[in-house]
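These numbers come from the heavy atoms of this one structure, side chains and all, not from hydrogens, waters or symmetry mates.
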Amino acid sequence: MKIKQLLITFCDYSLYIKGYSPHTIRGYKNIVNCFCRISEIDDIEDVSDELVKKLFYKGRIERNWSSSTFIVYHKILKVFFRWCVKNDYLEDNPTDDIEVPRLEKRLPPKLTRQEAMRLLEVAYHYPYKYRFLRYRNHAIFATILFAGLRKKEVLGLKYADVDLENRSIFIRQGKGSKDRVIPASSRLVEILSIYLTERQRLNKTCPEFFASLNRDMGLTDTGIRRLVKKIREASGITFSLHKLRHTFATLMLEGGCDIYSLSKMMGHSDIKTTTIYLAASAEHLRKQIIKHPLNDL
């Protein structure tokens with residue numbers, strides 16, 4: 001049986017029965033196809049423990065995989081081969097005996113408070129050709145820095161899901177297929193209100209909140225990548241949209257937000273995921289260290 005044929009069936013099962021996201025399905029396809037390409041095999045009968053081990057050795061030694069990359073490959077191949085075993089295409093799962101490296105504990109990258117403020121200033125004062133771009137782009141960066149949305153959530157945000165009157169942003173089916181509500185600060189409400197006024201002036205009626213300039217449709221992934229590149233070059237600040245999300249979390253802790261509330265706003269399934277920001281915030285730690293009782297001696 002051809003592996004690529006099995007992969008199509010497996011991905012359909014994962015998408016329509018298990019309910020996994022298209023992003024997850026793309027990951028399955030990329031990694032299983034990479035295994036076939038490196039191992040130079042087409043049939044599931046040719047899969048062996050040795051070929052799978054060779055893939056991981058090659059990735060770690062020749063391709064310099066990080067521990068996280070190794071773990072992602074291992075996890076996806078394990079799930080795929082488990083499905084193959086369950087459906088009698090393989091006798092055993094060839095990933096079972098492969099040891100997984102310890103994941104490095106790294107602090108999430110973030111901007112300083114000053115860098116975040118400069119980024120917003122540059123996004124607003126950039127010499128745009130059209131006024132709409134000024135207000136929309138400023139609103140995009142502000143939404144991430146003030147509310148911590150993921151890139152996918154920014155692009156998928158609907159006009160009807162932003163309630164400025166009640167100062168709330170509804171995230172529909174975020175990561176892990178979870179809904180959540182994020183409160184909007186008064187400053188963010190002000191920025192989004194200015195953008196909405198300009199959006200209405202141009203008669204944008206698309207359901208997406210952040211609209212394209214030239215067409216009545218939502219901003220695309222390509223469009224937001226171009227925007228990031230443009231503002232990165234203009235500001236001289238190295239950042240990604242996910243780095244801005246990390247910045248939101250860190251600044252919230254420094255401002256006194258409790259870890260439970262932050263976890264809910266970030267949309268984390270496990271509060272342990274959120275606790276990494278405690279170590280990333282030096283200012284938060286400084287505020288805690290003054291509570292040491294010997295400081296009063």
Worksheet entry | Closest non-hydrogen atom pair, V47 against P94 | CG1-CG, 3.9 Å

Item to complete: Would you please test Y130 and Y128 for ring pair (Phe, Tyr, Trp, His ring centres under 6.0 Å) and show each step?
Response: CA-CA 5 Å; Y130 300 98; Y128 300 104; 10.0 Å; no

Worksheet item: Should we say atom OH of Y20 is surrounded by more than 12 heavy atoms from elsewhere, each under 6.0 Å from it?
Response: no

Discussion item. Using a strict threshold of under 4.0 Å (side-chain N to carboxylate O), is an ion pair present between K78 and D96?
Written reply: yes

Worksheet item: Same cluster or not: are I17 and L7 linked, directly or through other Ile, Leu, Val, Met, Phe, Trp or Tyr residues, by side-chain heavy atoms under 4.5 angstrom apart?
Response: yes

Fill in: Spatial distance of atom CG (L157) from atom CG (L219) [nearest 0.5 Å]
11.5 Å

Discussion item. With no hydrogens and no angle check, just 3.5 Å: does a side-chain donor-acceptor pair link D12 and T9?
Written reply: no

Item to complete: Please tell me if the side chains of F248 and L262 come closer than 4.5 Å, counting only heavy atoms from C-beta onward.
Response: yes

Worksheet item: Do side-chain atoms of T197 reach the backbone of S193 as a donor and acceptor pair under 3.5 angstrom?
Response: yes

Worksheet item: If every non-hydrogen atom of C206 is compared with every non-hydrogen atom of G218, which pair is closest and at what distance?
Response: SG-N, 4.1 Å

Discussion item. If the threshold is 4.0 Å, N to carboxylate O, is there a salt bridge linking E153 and R180?
Written reply: yes

Discussion item. Test your reading of the model: is there a side-chain donor-acceptor pair from R167 to the backbone of V189, 3.5 Å cut-off?
Written reply: no

Worksheet item: With a cut-off of under 6.0 Å to the ring centre and 45° to the axis, is R134 in cation-pi contact with Y124?
Response: yes

Worksheet item: Okay, side chain of S263, backbone of I259: is any donor-acceptor separation there less than 3.5 Å?
Response: no

Worksheet entry | Note: R187-E190 ion pair, threshold 4.0 Å (strictly below) | yes

Worksheet item: Is L251 reachable from F146 through a run of hydrophobic residues whose side-chain heavy atoms are each under 4.5 Å from the next?
Response: no

Item to complete: Inspect the surroundings of NZ in K4 and state if more than 12 heavy atoms from other residues, nucleotides or ligands are less than 6.0 Å away.
Response: no

Fill in: From CA spacing to verdict: side-chain contact (heavy atoms from CB on, under 4.5 Å), L15, T24
CA-CA 9 Å; L15 180 64; T24 300; over 6 Å; no

Fill in: CG (D97) with more than 12 external heavy atoms under 6.0 Å
no

Worksheet item: Is there side-chain contact between S14 and W83, with heavy atoms separated by less than 4.5 Å?
Response: no

Worksheet item: T220 versus S212: any side-chain heavy-atom pair under 4.5 Å?
Response: no

Discussion item. Students often mix this up, so state it plainly: with edges at 30° and 60°, are the rings of H74 and F70 parallel, tilted or perpendicular?
Written reply: parallel

Discussion item. Has N166 got a side-chain atom pairing as donor or acceptor with S168's backbone, closer than 3.5 angstrom?
Written reply: no

Practice prompt. Please check if I140 and L202 belong to a single hydrophobic cluster, counting links between Ile, Leu, Val, Met, Phe, Trp and Tyr side chain heavy atoms closer than 4.5 Å.
Written response: yes

Discussion item. I'd like to know if the side chain of D216 reaches the main chain of T205, judged simply by a donor and an acceptor atom lying under 3.5 Å from each other, with no hydrogens or angles considered.
Written reply: yes

Item to complete: Would you check if D161 and R172 make a side-chain contact, meaning some heavy-atom pair closer than 4.5 Å?
Response: yes

Fill in: Intermediate values then yes/no, salt bridge (Lys or Arg N to Asp or Glu O under 4.0 Å), R201 and E198
CA-CA 5 Å; R201 187 182 72 82; E198 187 65 14; 2.6 Å; yes

Item to complete: Report the distance from atom CD1 of I144 to atom CG of L241, rounding to the nearest 0.5 Å.
Response: 4.5 Å

Worksheet item: Considering residues at least two apart in sequence or located in another chain, which fulfil the side chain to side chain donor-acceptor pair (under 3.5 Å) criterion with D221?
Response: K151, R225

Worksheet item: Are any side-chain N or O atoms of R60 and backbone N or O atoms of W65, one a donor and one an acceptor, separated by less than 3.5 Å?
Response: yes

Discussion item. Taking the cut-offs as 6.0 angstrom to the six-membered ring centre and 45 degrees off its axis, would you call K204 and F132 a cation-pi pair?
Written reply: yes

Report all side-chain donor-acceptor pairs from residues 38-46 shorter than 3.5 Å, counting only partners two or more places apart or in another chain.
unit_1: S39; atom_1: OG; unit_2: F35; atom_2: O; d: 2.9
unit_1: D43; atom_1: OD1; unit_2: K2; atom_2: NZ; d: 3.3
unit_1: E45; atom_1: OE1; unit_2: M1; atom_2: N; d: 3.0
unit_1: E45; atom_1: OE2; unit_2: M1; atom_2: N; d: 2.9

Fill in: Any side-chain heavy-atom pair of S21 and K152 under 4.5 Å
yes

Worksheet item: Are side-chain heavy atoms of L196 and L164 found at a separation under 4.5 Å?
Response: yes

Worksheet item: Does any non-hydrogen side-chain atom of V72 lie less than 4.5 Å from one of I31?
Response: yes

Worksheet item: Of all residues at least two apart in sequence or in a different chain, which pass the side chain to side chain donor-acceptor pair (under 3.5 Å) check with N30?
Response: none

Worksheet entry | Other residues, nucleotides, ligands: >12 heavy atoms within 6.0 Å of F170 CZ | yes

Worksheet entry | R199 versus A211, closest heavy-atom pair with distance | NH1-CB, 3.9 Å

Worksheet entry | Pair N93, T95: side-chain N/O donor-acceptor within cut-off below 3.5 Å | yes

Worksheet item: Do Y159 and Y135 sit in the same hydrophobic cluster, where Ile, Leu, Val, Met, Phe, Trp and Tyr count as joined when their side-chain heavy atoms come under 4.5 Å apart?
Response: yes

Worksheet item: Is it true that I98 and Y57 fall in one hydrophobic cluster, defined by side-chain heavy atoms closer than 4.5 Å?
Response: no

Discussion item. Would you compute the distance between atom NZ of K264 and atom OG of S261 and round it to the nearest 0.5 angstrom?
Written reply: 9.5 Å

Item to complete: Classify the side-chain pair S66/S68 by whether it contains a donor and acceptor separated by less than 3.5 Å.
Response: yes

Worksheet item: With under 30° as parallel and over 60° as perpendicular, where do the rings of F10 and Y28 fit, or are they tilted in between?
Response: tilted

Discussion item. Within this structure, what is the CD1-CG distance for the pair I191 and L188, rounded to the nearest 0.5 Å?
Written reply: 6.0 Å

Worksheet item: What's the shortest heavy-atom distance between I182 and A147, and which atoms?
Response: CD1-O, 3.4 Å

Worksheet item: Where is the tightest heavy-atom contact between C11 and K29, given as atom of each residue plus distance?
Response: SG-CG, 3.7 Å

Discussion item. So, taking the atom named OG1 in T112 and the one named CE in M117, what distance separates them when rounded to the nearest 0.5 Å?
Written reply: 10.0 Å

Discussion item. Working to the nearest 0.5 angstrom, can you tell me the gap between M252 CE and L145 CG?
Written reply: 12.5 Å

Worksheet item: Is it true that the side chains of T247 and T250 contain a donor and an acceptor less than 3.5 Å apart?
Response: no

Worksheet item: If you draw the axis of the six-membered ring of F210, does the NZ or CZ of R136 fall within 45° of it and under 6.0 Å from the ring centre?
Response: no

Worksheet item: Do L90 and F80 come within less than 4.5 Å of each other through their side chains, counting heavy atoms only?
Response: no

